[in-house]
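See structure below.
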Amino acid sequence: MRIASWNVNSVGARLPKLVDWLGTAEPDVLCLQELKCAEDAFPYDEIGALGYEVAAHGTGRWNGVAVLSKVGIEDVRRGLLDEPGFLADGAMFEAVEPRAIGATCGGVRVWSVYVPNGRDITHAHYAYKLRWLDALRATAAEELAELPFAVLGDFNIAPTDADVWDIAEFAGCTHVTEEERKALTALGEIGLAEVLPRALKYDVPFTYWDYRALRFPNNQGMRIDLAYGNERFTAAVTDAYVDRNARKGKGTSDHAPVVVDLDLP
DNA sequence: ATGTCAGACAACGTCTGA
């Protein structure tokens, strides 16, 4: 079974690239992040024509996650256990955002997650990010005993200093702090381990390169799209890689897909 | 060079977020 994850930065804008990629990579299950569309505006027909069922969780302009599957979708769960919301500038109330969706696909329990960015360590969005990660841990802890189980998505955290092109550039920034990395360690403490992908080129399998400043041609990237699985999941992994080819050229996402191959009993 | 995208909006340019 092939399970992948991709932050597409708008499923509408990315539809031609997404259709192409599904045709060549042929994942059985694909976790999407940053749909940037409402649930009912998802391109179900185009994706369904390729043989995928879809479970989407989205409200419009920001965020949005989905699971696509050729091997069935059951027990869909939208949102985390006690998921915190965010009080946006000028908003009257805190809003829970569409950042997590879980589903059982072909006997594997899969979560597609889009962890809050954090913006700046002094910003309320950063505290929100840490609270959100705590809710993710609690939700995973509740579910991971059954079935092969995995959480895949855009974590907006580089697990080690080597996972950014130049750690000196990130002094005092989000994505590389001790607190954020502790949240990843906490996933380990409940029984999840990271599936480490191989790079198709260069040493580090970066998954994200800013559109600006020629970051991709200069390979100034970050490895922030991650996959964590329980023992039953990780023991079945036969290969994992980042498909940086999907980041090449015009009209691409700023993220590349992470692909995990499994040989499940 | 805060350098590029994407989406929404009383809207063909400016804003927010990444």
Side-chain angles (χ1 to χ4, degrees), chain A residues 5-21 31-43 46 56-66 84-100 112-133 152-158 163-166 168-177 180 206-226 242 244-258:
Chain A
S5 176
W6 194 8
N7 177 326
V8 285
N9 184 20
S10 170
V11 72
R14 215 62 58 213
L15 190 55
K17 295 283 186 188
L18 175 59
V19 167
D20 279 358
W21 191 79
C31 298
L32 293 179
Q33 301 88 37
E34 278 209 81
L35 301 182
K36 292 188 172 176
C37 76
E39 229 156 276
D40 55 13
F42 189 94
E46 293 87 339
H57 182 31
T59 50
R61 186 175 185 185
W62 309 118
N63 315 304
V65 286
F86 181 64
L87 182 65
D89 288 343
M92 300 275 284
F93 305 103
E94 224 174 57
V96 176
E97 301 173 315
R99 293 181 175 276
S112 174
V113 301
Y114 177 45
V115 176
N117 175 285
R119 300 184 189 169
D120 185 282
I121 57 172
T122 62
H123 198 283
H125 209 261
Y126 180 69
Y128 166 53
K129 180 179 195 174
L130 296 175
R131 281 185 293 134
W132 198 92
L133 285 160
L152 303 96
D154 178 357
F155 280 73
N156 274 314
I157 303 171
D163 293 314
V164 296
W165 83 89
D166 180 2
E169 294 275 336
F170 290 83
C173 295
T174 62
H175 293 59
V176 298
T177 69
E180 289 165 291
F206 293 141
T207 65
Y208 164 83
W209 301 259
D210 198 300
Y211 287 121
R212 293 168 287 191
L214 300 174
R215 291 282 188 244
F216 184 68
N218 294 328
N219 197 36
Q220 295 172 320
M222 304 171 73
R223 193 173 75 82
I224 56 176
D225 297 86
L226 312 174
V242 176
R244 73 184 297 283
N245 293 326
R247 180 66 176 78
K248 292 179 179 174
K250 288 270 175 202
T252 66
S253 171
D254 40 3
H255 294 252
V258 177

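Numbered from 1 within each chain, the chains take letters A, B, ... in sequence-line order.
Across A:His255, A:Gln220, A:Arg244, a single residue satisfies side chain to side chain contact (heavy atoms under 4.5 Å, CB included) together with A:Trp209, and that is A:Arg244.
Here the separation of B:dA10 from B:dC15, taken at their P atoms, is 15 Å to the nearest Å. Taking atom P on both B:dT2 and B:dG13, the two are 25 Å apart, rounded to the nearest angstrom. Using atom P as the reference point in both B:dA6 and B:dA11, the two lie 24 Å apart (nearest Å). Rounded to whole Å, the separation between the P atoms of B:dA1 and B:dC12 comes to 30 Å.
Distance A:Glu34 CD to B:dA6 P: 11 Å, rounded to the nearest Å. Between the NE2 atom of A:His255 and the C1' atom of B:dA6 there is a distance of 13 Å, rounded to whole Å. Rounded to a whole Å, the NE2 atom of A:His175 is 12 Å from the C1' atom of B:dG17. Distance A:Arg212 CZ to B:dC5 P: 11 Å, rounded to the nearest Å. In this entry the distance linking CZ of A:Arg215 with P of B:dA18 reads 18 Å, nearest Å. One atom, NE2 of A:His123, and another, C1' of B:dT16, lie 11 Å apart when rounded to the nearest Å. The distance between atom CG of A:Asp120 and atom P of B:dA18, rounded to the nearest whole Å, is 12 Å. Separating the CG atom of A:Asn63 from the P atom of B:dA18 is a distance of 7 Å, rounded to the nearest angstrom.
By the side chain to side chain donor-acceptor pair (under 3.5 Å) test, A:Arg131 is found to be paired with no residue, residues two or more places apart in sequence or in another chain being considered. For the side chain to side chain donor-acceptor pair (under 3.5 Å) test, no residue two or more places apart in sequence or in another chain qualifies with A:Lys250. For A:Arg119, there are no salt bridge (charged side-chain N to carboxylate O under 4.0 Å, His left out) partners, not counting sequence neighbours. Applying the salt bridge (charged side-chain N to carboxylate O under 4.0 Å, His left out) test to A:Asp254 and every residue at least two apart in sequence or in another chain returns nothing. For A:Asp20, there are no salt bridge (charged side-chain N to carboxylate O under 4.0 Å, His left out) partners at least two apart in sequence or on another chain.
Rounding to the nearest 0.5 angstrom, the gap separating the CZ atom in A:Arg247 from the OH atom in A:Tyr208 is 8.0 Å.
Residue A:Leu214 is the one, among A:Leu214 and A:Cys37, whose nearest nucleotide of DNA chain B lies closer to the 5' end (criterion: closest heavy atom). Take the nearest nucleotide of DNA chain B for A:Asn7 and for A:Gly12: the residue whose nucleotide is more 5' is A:Gly12.
Closest to the A:Arg119 side chain, of the nucleotides B:dT16, B:dA18, B:dT4, is B:dA18. Each of B:dG17, B:dA18, B:dG3 was ranked by its minimum atom distance to the side chain of A:Ala213; first place goes to B:dG3.
For A:Trp21 and A:Trp6, the distance between ring centers is under 6.0 angstrom.
Base pairing in DNA chain B gives the following stems of 3 or more Watson-Crick or G-U pairs, range against range and under 3.5 Å: B:4-9 with B:13-18.
Backbone-only contact: A:Arg14 has heavy atoms under 4.0 Å from sugar-phosphate atoms and none from a base. At the heavy-atom level, A:Tyr114 lies under 4.0 Å from the strands shown only through sugar-phosphate atoms.
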